[in-house]
Amino acid sequence: MQVLDARDGQILRLLQEDSRISNADLAEKVGMSASALWRRVRTLEETGVIERYGAVVNAPAMGLGFHAIVHVHLTRHDPEKLAEFIRAVELSPLVQECYATTGQSDYHLRVLAPDLEAFNRFLEDFLFRLPAVASAQTNVVLRTIKRDCPVVP
């Protein structure tokens, strides 16, 4: 685990707000020379603190207007069936995130689909056909209150 100082925190906050900010602009905002900043960002990348850079995409603008959280209960925890479930979820373009959790459900999926009909096909033709899946409970997302929050040290 890398020890981060206040300047690292400032760099990380600014990069999470705008990953396209130029090195020169970022250096100016944190009060460093461009070369010193570049070395520091490089260290954050090499140590895995910065995993990747990307864009935040508006799902409804892309025709993905149905958003749900699916709580999945497994029938058994057979290693082969579990591995098959995980592989299938990783490959599904509708599953945006998947978490193995404690509590009543074994897994929680965040799913984006064009509409209710497409989501129903996801359940019937994909999720419920996986041998490890016993049942699933769906919560439809009515409104997003908070998302894509910066991770702060």
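Throughout, residue positions are numbered sequentially from 1 according to the sequence presented.
- No chain of hydrophobic side-chain contacts below 4.5 Å, direct or via other Ile, Leu, Val, Met, Phe, Trp or Tyr residues, connects Trp38 to Val41.
- The two residues Ala34 and Asn23 have their closest heavy-atom pair at O-ND2, 3.1 Å.
- In this structure, Val141 belongs to a hydrophobic cluster whose other members, linked by side-chain heavy atoms under 4.5 Å apart, are Ile69.
- Taken to the nearest 0.5 Å, the CG atom of Leu15 stands 13.5 Å off from the CZ atom of Arg20.
- Using modelled atom types, no side-chain atom of Ser92 and backbone atom of Ala88 make a donor-acceptor pair closer than 3.5 Å.
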Could you walk me through whether Val56 and Arg147 pass the side chain to side chain contact (heavy atoms under 4.5 Å, CB included) test, one step at a time? CA-CA 10 Å; Val56 178; Arg147 73 167 223 186; 2.8 Å; yes
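- Of all heavy-atom pairs spanning Ala113 and Ala118, the tightest one is CB-CB, 4.2 Å.
- Summarising the geometry, atom CD1 belonging to Ile11 is positioned 13.0 Å from atom NZ belonging to Lys29; distances are rounded to the nearest 0.5 Å.
- Salt bridge annotation for Arg121-Glu117: present, with a cationic side-chain nitrogen under 4.0 angstrom from a carboxylate oxygen.
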Applying side chain to side chain contact (heavy atoms under 4.5 Å, CB included) to Val111 and Gln96, what does each step give before you reach the verdict? CA-CA 6 Å; Val111 179; Gln96 299 300 298; over 6 Å; no
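- Residues satisfying the salt bridge (Lys or Arg N to Asp or Glu O under 4.0 Å) test with Glu28, not counting sequence neighbours, are none.
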Evaluate the criterion side-chain hydrogen bond (donor to acceptor under 3.5 Å, both in side chains) for residue pair Tyr53 and Gln16; output intermediate values, then yes/no. CA-CA 9 Å; Tyr53 297 89; Gln16 288 176 92; over 6 Å; no
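- The backbone N or O of Gly54 lies less than 3.5 Å from a partner atom in the side chain of Ser19, making a donor-acceptor pair.
- In plain terms, the two heavy atoms of Arg7 and Gly31 that are nearest each other are NH2-O, 3.6 Å.
- Grouping the Ile, Leu, Val, Met, Phe, Trp and Tyr side chains by contacts below 4.5 angstrom, directly or via other members, places Phe128 with Leu116.
- Residues Ile145 and Arg143 have side chains in contact (heavy-atom distance under 4.5 Å, counting atoms from C-beta outward).
- The existence of a salt bridge linking Asp5 and Arg40 is confirmed by a sub-4.0 Å separation between a basic side-chain nitrogen and an acidic carboxylate oxygen.
- Distance check, rounded to the nearest 0.5 Å: CD of Gln104 to CD of Gln137 gives 8.5 Å.
- Residues His71 and Asn139 meet the side-chain proximity criterion, which asks for heavy atoms closer than 4.5 Å.
- The backbone N or O of Leu74 sits less than 3.5 Å from a side-chain atom of Asp106, completing a donor-acceptor pair.
- Leu112 and Leu123 are members of different hydrophobic clusters when ILVMFWY side chains are connected at heavy-atom separations under 4.5 Å.
- The shortest distance between side-chain heavy atoms of His67 and Thr144 falls below 4.5 Å.
- You'll find the side chain of Phe119 stays beyond 4.5 Å of the side chain of Val140, heavy atoms only.
- For the residue pair Thr75 and Pro131, the shortest heavy atom distance occurs at OG1-O, 3.4 Å.
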Please lay out, stage by stage, how Leu127 and Phe85 fare under the test side chain to side chain contact (heavy atoms under 4.5 Å, CB included). CA-CA 9 Å; Leu127 192 64; Phe85 169 80; 4.1 Å; yes
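- The CG atom of Leu37 sits 4.5 Å away from the CG atom of Leu26 when rounded to the nearest 0.5 Å.
- Look at Glu84 and Arg87 and you find no salt bridge, because none of the NZ, NE, NH1 or NH2 atoms lies under 4.0 Å from a carboxylate O.
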Between Leu4 and Leu12, does the side chain to side chain contact (heavy atoms under 4.5 Å, CB included) criterion hold? Intermediate values first, please. CA-CA 10 Å; Leu4 303 176; Leu12 292 169; 4.0 Å; yes
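- The closest donor-acceptor contact from the side chain of Arg129 to the backbone of Glu124 lies under 3.5 Å.
- Residue-environment remark: CD (Glu46) exceeds the threshold of 12 foreign heavy atoms within 6.0 Å.
- Residues Ile21 and Ile50 share a hydrophobic cluster, clusters being chains of Ile/Leu/Val/Met/Phe/Trp/Tyr side chains in contact below 4.5 Å.
- How far CZ of Phe122 is from CG of Leu109: 5.5 Å, rounded to the nearest 0.5 Å.
- Considering OG1 of Thr101 and OH of Tyr107, their distance stands at 9.0 Å, rounded to 0.5 Å.
- Clustering ILVMFWY residues whenever any of their side-chain heavy atoms sit less than 4.5 angstrom apart, transitively, puts Val49 in the very cluster that holds Met32.
- Of the possible donor and acceptor atoms, none in the side chain of Ser105 sits under 3.5 Å from a partner among the backbone N and O of His108.
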